[in-house]
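It should be emphasised that the depicted structure is a prediction, and the values quoted were computed from it without experimental measurement. For this chain, numbers begin at 1 and follow the sequence in order.
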Amino acid sequence: MLRSAVRVLPKFVRTTTSICVVTSNGPQTVSRAVRCSYVPSRSLMERVHAEMEISKGEKLNDFESAKVRRKFALYDINEDGSIKHDDYEDYIQRIQKAYDLAHDDPLLHAFKNEFEAHWQRMLRFMDENKDGILSIDEWMDFYPRVTRTAREHKFENLPQFLQTLADAFFTLMDTKNDGIIDAQEYSEFWSKWEHKEVDLETSKQHIRFMTKDGKHTLNREHFRDVHADYTWSKRPDTIGKYAYGPIKL
């Protein structure tokens with residue numbers, strides 16, 4: 001588990017022996033000396049301007065809309081149709097309860113820091129009427145600016161907060177700490193998150209889909225590819241379909 005506080009814009013990177021947090025200021029080790037690679041990051045404004053290239057007039061298809069609404073639902077914890085700061089606090093509490101984290105646990109502190117920064121960034125770029133609340137309309141309007149980018153569709157070209165979210169989910173999901181997500185871990189994670197069972201057989205089907213029937217291993221590198229595909233793919237037959245768990249089409 002992660003045992004280090006996170007500064008703004010972290011990337012979670014698992015080594016063979018531990019977890020490191022790589023920030024714009026360099027690697028922060030967890031509990032003992034391990035080798036971490038520093039990943040320099042561009043300024044937030046520079047990244048956002050690049051990511052907000054839009055194909056004018058192009059609308060999301062039904063599958064893309066379903067994915068964006070699914071992402072919205074992950075944050076709309078109380079299911080009232082909007083995202084507020086309280087939802088972010090509930091988000092953290094859900095993580096704390098699901099993984100039995102103490103209030104002073106460094107992992108919990110890391111998530112609080114990152115999600116507070118994430119919330120402020122989303123308000124800055126999505127909250128068009130500046131009411132401190134993100135509506136589904138504002139959300140649906142913003143995400144095409146990411147999905148319609150002309151940049152190469154690779155993980156490193158995702159907005160920073162989506163990279164962080166993918167790595168954080170992997171870290172939480174990999175409860176066996178073996179660097180691979182299996183069907184049991186997938187089932188346990190999304191069952192906790194959804195507050196309803198995602199059965200093992202369904203989870204096996206999703207894992208097979210994401211790994212192309214076992215052609216790939218669902219390690220961190222491929223997990224990142226899956227999340228990148230979720231953001232950009234226009235078709236439901238590509239590997240990213242279940243990046244954020246079960247999805248209604």
Side-chain angles (χ1 to χ4, degrees), residues 1-14 19-21 23 28 30-31 67-127 131-136 138-139 142-143 159-177 181 184-199 203 220 223 227 230 242-248:
M1 277 293 187
L2 179 63
R3 289 291 180 265
S4 176
V6 181
R7 301 178 186 178
V8 176
L9 302 184
K11 290 183 183 179
F12 298 103
V13 180
R14 183 182 295 279
I19 298 289
C20 301
V21 177
T23 76
Q28 307 294 314
V30 175
S31 58
K67 290 191 299 179
V68 174
R69 290 181 183 278
R70 168 63 176 164
K71 186 77 72 66
F72 184 89
L74 291 177
Y75 293 103
D76 182 18
I77 299 296
N78 62 8
E79 301 180 355
D80 67 351
S82 63
I83 302 175
K84 300 179 287 293
H85 193 270
D86 287 349
D87 287 302
Y88 266 64
E89 293 178 348
D90 290 344
Y91 198 104
I92 296 298
Q93 290 175 11
R94 180 174 289 193
I95 292 173
Q96 180 180 8
K97 182 178 180 180
Y99 290 90
D100 195 25
L101 302 177
H103 288 287
D104 59 350
D105 193 299
L107 175 62
L108 189 64
H109 182 67
F111 275 109
K112 285 181 178 179
N113 282 354
E114 171 55 21
F115 280 100
E116 182 61 32
H118 183 189
W119 169 251
Q120 294 301 329
R121 291 196 294 273
M122 290 211 303
L123 278 185
R124 183 174 183 181
F125 297 112
M126 294 188 191
D127 187 17
D131 63 353
I133 299 173
L134 299 180
S135 68
I136 184 62
E138 289 171 325
W139 188 271
F142 175 80
Y143 263 92
Q160 183 68 56
F161 63 85
L162 291 183
Q163 293 185 41
T164 299
L165 187 62
D167 277 349
F169 271 25
F170 185 93
T171 299
L172 284 174
M173 207 177 297
D174 183 22
T175 56
K176 297 176 183 177
N177 296 323
I181 304 300
Q184 181 183 355
E185 290 169 320
Y186 180 93
S187 173
E188 290 175 353
F189 180 86
W190 288 113
S191 294
K192 290 177 181 179
W193 198 270
E194 299 286 342
H195 291 304
K196 59 183 179 182
E197 183 183 8
V198 179
D199 63 77
S203 299
R220 184 180 295 273
F223 193 78
H227 276 256
Y230 183 96
Y242 298 117
Y244 289 97
I247 183 172
K248 295 180 180 179

Participant: Determine yes or no for a side-chain-to-main-chain donor-acceptor pair under 3.5 angstrom, with D199 supplying the side chain and S203 the backbone.
Facilitator: no
Participant: What's the spacing between I92 CD1 and L101 CG if we round to 0.5 Å?
Facilitator: 10.0 Å
Participant: How far apart are the closest heavy atoms of R69 and I136, and which atoms are they?
Facilitator: NH1-CG1, 3.6 Å
Participant: Checking E197 side chain against S191 main chain: does a donor-acceptor pair fall under 3.5 Å?
Facilitator: no
Participant: Between E188 and E185, is there a donor-acceptor pair closer than 3.5 Å when you use the side chain of the first and the backbone of the second?
Facilitator: no
Participant: What residues form a ring pair (Phe, Tyr, Trp, His ring centres under 6.0 Å) with F72, not counting sequence neighbours?
Facilitator: W139
Participant: Determine, stepwise, if the pair N78 / K84 fulfils side-chain contact (heavy atoms from CB on, under 4.5 Å).
Facilitator: CA-CA 10 Å; N78 62 8; K84 300 179 287 293; 4.2 Å; yes
Participant: For the residue pair W193 and W190, does the interplanar ring angle fall in the parallel (under 30°), tilted (30 to 60°) or perpendicular (over 60°) class?
Facilitator: perpendicular
Participant: Taking the ring of F169 and the ring of F189, is the distance between their centroids below 6.0 Å?
Facilitator: yes
Participant: Test R220 against D174 for side-chain contact (heavy atoms from CB on, under 4.5 Å), laying out the working first.
Facilitator: CA-CA 10 Å; R220 184 180 295 273; D174 183 22; over 6 Å; no
Participant: Going by heavy atoms in the side chains, are I247 and Y230 under 4.5 Å from each other?
Facilitator: yes
Participant: Side chain to side chain contact (heavy atoms under 4.5 Å, CB included) with Q120: which residues, sequence neighbours excluded?
Facilitator: E116, L123
Participant: S187 and V198: which non-hydrogen atoms are nearest, and at how many Å?
Facilitator: OG-O, 2.5 Å
Participant: Output all residues satisfying salt bridge (Lys or Arg N to Asp or Glu O under 4.0 Å) with E194, sequence neighbours left out; order by chain, then residue number.
Facilitator: R70
Participant: Is the distance between the ring centroids of H227 and Y244 less than 6.0 Å?
Facilitator: yes
Participant: By salt bridge (Lys or Arg N to Asp or Glu O under 4.0 Å), which residues pair with D127, not counting sequence neighbours?
Facilitator: none
Participant: Using the test salt bridge (Lys or Arg N to Asp or Glu O under 4.0 Å), find all partners of K71 that sit at least two apart in sequence or belong to another chain.
Facilitator: none
Participant: Given Y75, which partner from the list I83, D90, L134 fulfils the side-chain contact (heavy atoms from CB on, under 4.5 Å) test?
Facilitator: I83
Participant: Could you grab the distance from atom CD1 of I133 to atom CG of D86, nearest 0.5 Å is fine?
Facilitator: 9.5 Å
Participant: Return the set of residues passing salt bridge (Lys or Arg N to Asp or Glu O under 4.0 Å) with K176 (not counting sequence neighbours), or none when no residue passes.
Facilitator: D182
Participant: Once you round to the nearest 0.5 Å, how far does CH2 of W119 lie from CG of D87?
Facilitator: 7.5 Å
